[in-house]
Amino acid sequence: MTLSYPLICPDTLFYARPTHIVARELIGKKLVRMTRSTNGMSSKRISGIIVETEAYGFDDDAASHAYKGMTQRNFIMFGETGRAYIYFTYGNHFCLNISAKMDGIKAGAVLIRALKPLEGIDVMKKFRRTDDELSLTSGPGKITQAFDIKIDDNGKIMTDLEGELHIEECEKIQTLGHPINTVLETRRIGINKALDKKWRFVMAHIDSRGNYIISKYASRQK
DNA sequence: TCGATGATTGAG
DNA sequence: TCAATCATCGAA
């Protein structure tokens, strides 16, 4: 495939590439949620900068929901790229993914694991029932709670800038008080299969002594 | 129908 | 370190 213009995340082609590439490039983008306007309450905008993602593949990835084929739960991973794949787990939590895979590959998705809260922090605090900003969105289950993302958001188009749940470019990361020089690759968290793959990506910067400093908004460290 | 499991979280 | 908690999946 030849592209004559830069790939930006509002484009479904951004997600039509190898899943781990998309996962890496989603670091630094913005996840945006518009809350529903209810009687009297106007719609509010919630957003955060993506600081941690993980890639999940198909038959080369035993840790992936799609490993054994399509089911009622994972079918979004097999469909159009740039869609929300949301699932319920551990009896308590929803997790948000975005379908992403290269042409010809059967399935794939990127799990959004952590954000730096940006807009609508007061709303997030309400949904999360905590005032601790470092705990608002530092984990996949926390993100969906802070953004009020539920199973009825499954399949939503993440490339529509007018959509109530979508991804945007983020031009001003450097001025948002979050240094980023590099993206770290590590083993994925919370799985016990396919441990060889380094498909977790975390926003980081290198300090003056040359040490790698992982974003303080990432999920459980190490 | 039924038992095992889990891309997590929060408390101790 | 460990329990909570239930939808999903695959076997029966």
Looking at [X] and [Y], does any basic side-chain N land under 4.0 Å from a carboxylate oxygen?
X        : Y       : answer
A/Arg113 : A/Glu52 : yes
A/Glu168 : A/Lys29 : no
A/Glu119 : A/Lys44 : no

Original post:
What is the distance from atom CD1 of A/Ile213 to atom CG of A/Asp207, rounded to the nearest 0.5 Å?
Top reply: 4.5 Å
**OP:** Can you run through DNA chain C from 5' to 3' and write each base as (, ), [, ], | or . depending on how it pairs? Watson-Crick or G-U wobble, both distances under 3.5 Å.
**Re:** ||||.||||||.
**OP:** Go through DNA chain B in 5' to 3' direction and return only the first and the last nucleotide with some atom under 4.0 Å of chain A's heavy atoms.
**Re:** B/dG6 to B/dG10
Original post:
In terms of the nearest nucleotide of DNA chain B, which residue is placed more toward the 5' end: A/Leu96 or A/Ser135?
Top reply: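 Nearer the 5' end of the strand: A/Leu96.
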**OP:** Could you say whether A/Pro140 or A/Asn192 is positioned toward the 5' end of DNA chain B, judged by the nucleotide with the nearest heavy atom to each?
**Re:**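 Closest to the 5' end, via its nearest nucleotide, is A/Asn192.
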Original post:
Which part of the nucleic acid does A/Arg128 contact within heavy-atom distance under 4.0 Å: base, sugar-phosphate only, or nothing?
Top reply: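 If one applies the 4.0 Å heavy-atom cut-off, A/Arg128 turns out to touch the sugar-phosphate alone, with no base involved.
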Original post:
Base, sugar-phosphate, or nothing for A/Ile191, non-hydrogen atoms under 4.0 angstrom?
Top reply: sugar-phosphate
Subject >> Partner of A/Thr186 under side chain to side chain donor-acceptor pair (under 3.5 Å), chosen from A/Glu54, A/Lys198, A/Arg200 >> reply: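 So, applying the side chain to side chain donor-acceptor pair (under 3.5 Å) to A/Thr186 and each of A/Glu54, A/Lys198, A/Arg200, only A/Arg200 qualifies.
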**OP:** Assess whether salt bridge (Lys or Arg N to Asp or Glu O under 4.0 Å) is satisfied between A/Lys116 and A/Glu133, documenting all intermediate values.
**Re:** CA-CA 9 Å; A/Lys116 170 188 162 64; A/Glu133 278 199 29; over 6 Å; no
**OP:** Could you note down all residue pairs passing salt bridge (charged side-chain N to carboxylate O under 4.0 Å, His left out) where residues 58-75 of chain A supplies at least one of them, sequence neighbours left out?
**Re:** A/Asp61-A/Arg188
Original post:
Going by side-chain heavy atoms closer than 4.5 Å, which hydrophobic residues are tied to A/Met41, directly or by a chain of links?
Top reply: none
Subject >> Check: A/Phe78 ring centre within less than 6.0 Å of A/Phe58 ring centre >> reply: yes
**OP:** List the protein contact pattern of nucleotides 4-12 of chain C with one symbol per nucleotide (5' to 3'): B for base contact, S for sugar-phosphate-only contact, - for none; contact means a heavy-atom distance under 4.0 Å.
**Re:** BBBSSSS--
Original post:
side-chain hydrogen bond (donor to acceptor under 3.5 Å, both in side chains): which pairs involve residues 146-159 of chain A, sequence neighbours left out?
Top reply: A/Arg33-A/Asp153, A/Arg36-A/Asp152, A/Asp148-A/Lys150, A/Asp153-A/Lys156, A/Lys156-A/Glu164
